[in-house]
Student: 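Before we start, here is the structure in question, set down as structure tokens.
Reminder, nothing fancy here: chain letters follow the sequence lines and each chain counts from 1.
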Amino acid sequence: MTDTVEMVQPKVTTKNDKKEKYPVKKMLIICSKGKLEDVYAALVMANGALMEGIEAKMFFTFFGLEALTKKYADTLHTGTTGNPAMMHGVPDMIKGLPGFESLASFMMRKEMDKLEIPHVTEFFQMIEAGGGEIYACRLAADMFHLKKEDFVPEVKDIITVGDMYALAEGQGTQIIFI
Amino acid sequence: METTLSAPILATNEEGYLKNYKEWTEEWALATAAAHNIELTPKHWEVLHWLRAKQAEGVALSLRKAGNSGIVDIKQLYALFPGGPLKISSKIAGIPKPASCI
């Protein structure tokens with residue numbers, strides 16, 4: 001018999017113990033839309049997570065794939081019709097005139113430049129630099145006949161929905177669908 | 001740690017950011033960096049002094065601007081200040097928490 005006495009440390013309660021915090025550890029952001037504002041919402045949230053020390057993964061599907069294409073990434077459009085908050089009071093008939101959407105999108109991108117908001121391709125580079133990962137949806141890529149070489153180089157892979165869920169593994173993950 | 005002992009105690013807000021960035025000293029920066037498990041290298045100091053210079057100029061800082069500083073790119077900034085490239089670097093530099101989303 002050995003005479004070891006187990007020391008029981010009295011539990012010191014601090015202010016933080018009373019209310020346990022479960023910080024977000026990882027964000028999986030799914031972007032299914034190709035409109036300027038939707039894509040930017042996804043990019044800002046992913047980049048913002050990384051800046052806070054939160055892991056970030058992005059999964060682009062359906063029209064969201066347009067944001068990944070070398071061809072359109074930096075010239076995404078905003079939708080001018082069916083959106084009452086877009087030029088409040090102007091009828092859709094006017095907002096739907098040819099060229100209106102291009103003009104509105106151009107103006108919006110110009111305003112964003114003024115605020116030094118990075119272009120989409122630069123945002124992808126920033127996200128990759130921060131350790132974020134960008135993926136494209138296999139099914140949607142097949143549907144739109146898009147291949148890896150059509151996408152910006154930051155796209156890590158074209159993956160299935162099952163692979164996407166694997167990205168979300170671990171406690172403290174939040175999934176956002178846009 | 002020695003640096004912690006000799007570090008001056010300065011007024012900070014709840015999150016640990018200096019209330020007055022002019023009070024900042026290098027000893028305080030060393031101690032604050034140590035609290036974040038960061039050992040300051042010459043590259044760290046370059047970033048810190050750049051951040052302080054921009055603060056003095058009244059420039060609103062963003063990760064993108066820091067990445068275009070010519071000192072580090074964004075990837076290096078993440079490596080120097082893990083878990084908060086702009087947030088933690090600003091804290092160690094003694095400047096207010098940047099109110100930037102980018």
Student: Examine whether an atom of A:Ile117 lies under 4.5 Å from a heavy atom of chain B, and if so say whether it belongs to the side chain, the backbone or both; otherwise answer neither.
Tutor: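 A:Ile117 touches chain B through backbone and side-chain heavy atoms alike.
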Student: Kindly work out whether a path of hydrophobic side-chain contacts (I/L/V/M/F/W/Y, heavy atoms less than 4.5 Å apart) joins A:Leu76 to A:Phe62.
Tutor: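 A:Leu76 clusters together with A:Phe62.
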Student: Drop me the distance from A:Leu115's CG to B:Cys101's SG, to the nearest 0.5 angstrom.
Tutor: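 Taking CG in A:Leu115 and SG in B:Cys101, the distance rounds to 11.0 Å.
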Student: Which atoms of A:Glu122 come close to chain B, meaning under 4.5 Å heavy atom to heavy atom: side chain ones, backbone ones, both, or neither?
Tutor: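 For A:Glu122, side-chain heavy atoms alone lie under 4.5 Å from chain B.
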Student: Is A:Leu50 close to chain B through its backbone or its side chain, or both, or neither, when contacts mean heavy atoms under 4.5 Å?
Tutor: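 The answer is both parts of A:Leu50.
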Student: Let's test your reading of the structure: which of A:Gly130, A:Gly131, A:Gly48 forms the most heavy-atom pairs below 4.5 Å with chain B?
Tutor: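 Most heavy-atom pairs within the cutoff with chain B belong to A:Gly130.
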Student: Using non-hydrogen atoms only, which part of B:Ile102 is less than 4.5 Å away from chain A: side chain, backbone, both, or neither?
Tutor: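 Contact with chain A is through both the backbone and side chain of B:Ile102.
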Student: Tell me whether A:Phe106 shares a hydrophobic cluster with A:Met108, the cluster being built from Ile, Leu, Val, Met, Phe, Trp, Tyr side chains joined at under 4.5 Å.
Tutor: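 Result: no, two separate clusters.
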Student: Transitively linked via ILVMFWY side-chain contacts under 4.5 Å: B:Ile38 with B:Ile74?
Tutor: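 Yes: a chain of side-chain contacts under 4.5 Å links B:Ile38 to B:Ile74.
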Student: Within a reach of under 6.0 Å around OH of B:Tyr17, are more than 12 heavy atoms found that belong to other residues, nucleotides or ligands?
Tutor: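 Atom OH in B:Tyr17 is packed in, count exceeds 12.
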Student: Atom CD of A:Glu116 and atom OG of B:Ser100: how far apart are they, to the nearest 0.5 Å?
Tutor: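 Interatomic distance, A:Glu116 CD to B:Ser100 OG, rounded to 0.5 Å: 9.5 Å.
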Student: Mind checking the CD-CZ spacing from A:Gln125 to B:Arg64? Nearest 0.5 Å is all I need.
Tutor: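 Spacing of CD (A:Gln125) from CZ (B:Arg64) equals 10.5 Å.
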Student: Flag yes if A:Ile178 and A:Tyr135 sit in one hydrophobic cluster, no otherwise; membership is Ile, Leu, Val, Met, Phe, Trp, Tyr, and two members link when side-chain heavy atoms are under 4.5 Å apart.
Tutor: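 They do not share one cluster, since no chain of ILVMFWY contacts under 4.5 Å joins A:Ile178 to A:Tyr135.
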Student: With the side chain counted from C-beta on, respond yes when A:Met51 and B:Lys87 share a heavy-atom pair under 4.5 Å apart, and no when they do not.
Tutor: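 In short, these two side chains do not touch, never coming nearer than 4.5 Å.
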Student: More than 12 non-hydrogen atoms from neighbouring residues, nucleotides or ligands closer than 6.0 Å to NZ on A:Lys70, yes or no?
Tutor: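 Buried by this count: over 12 neighbours within 6.0 Å.
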Student: Would you say B:Leu61 and B:Tyr21 are hydrophobically clustered, going by side-chain heavy atoms of ILVMFWY under 4.5 Å?
Tutor: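 Same cluster: B:Leu61 reaches B:Tyr21 through Ile, Leu, Val, Met, Phe, Trp or Tyr contacts under 4.5 Å.
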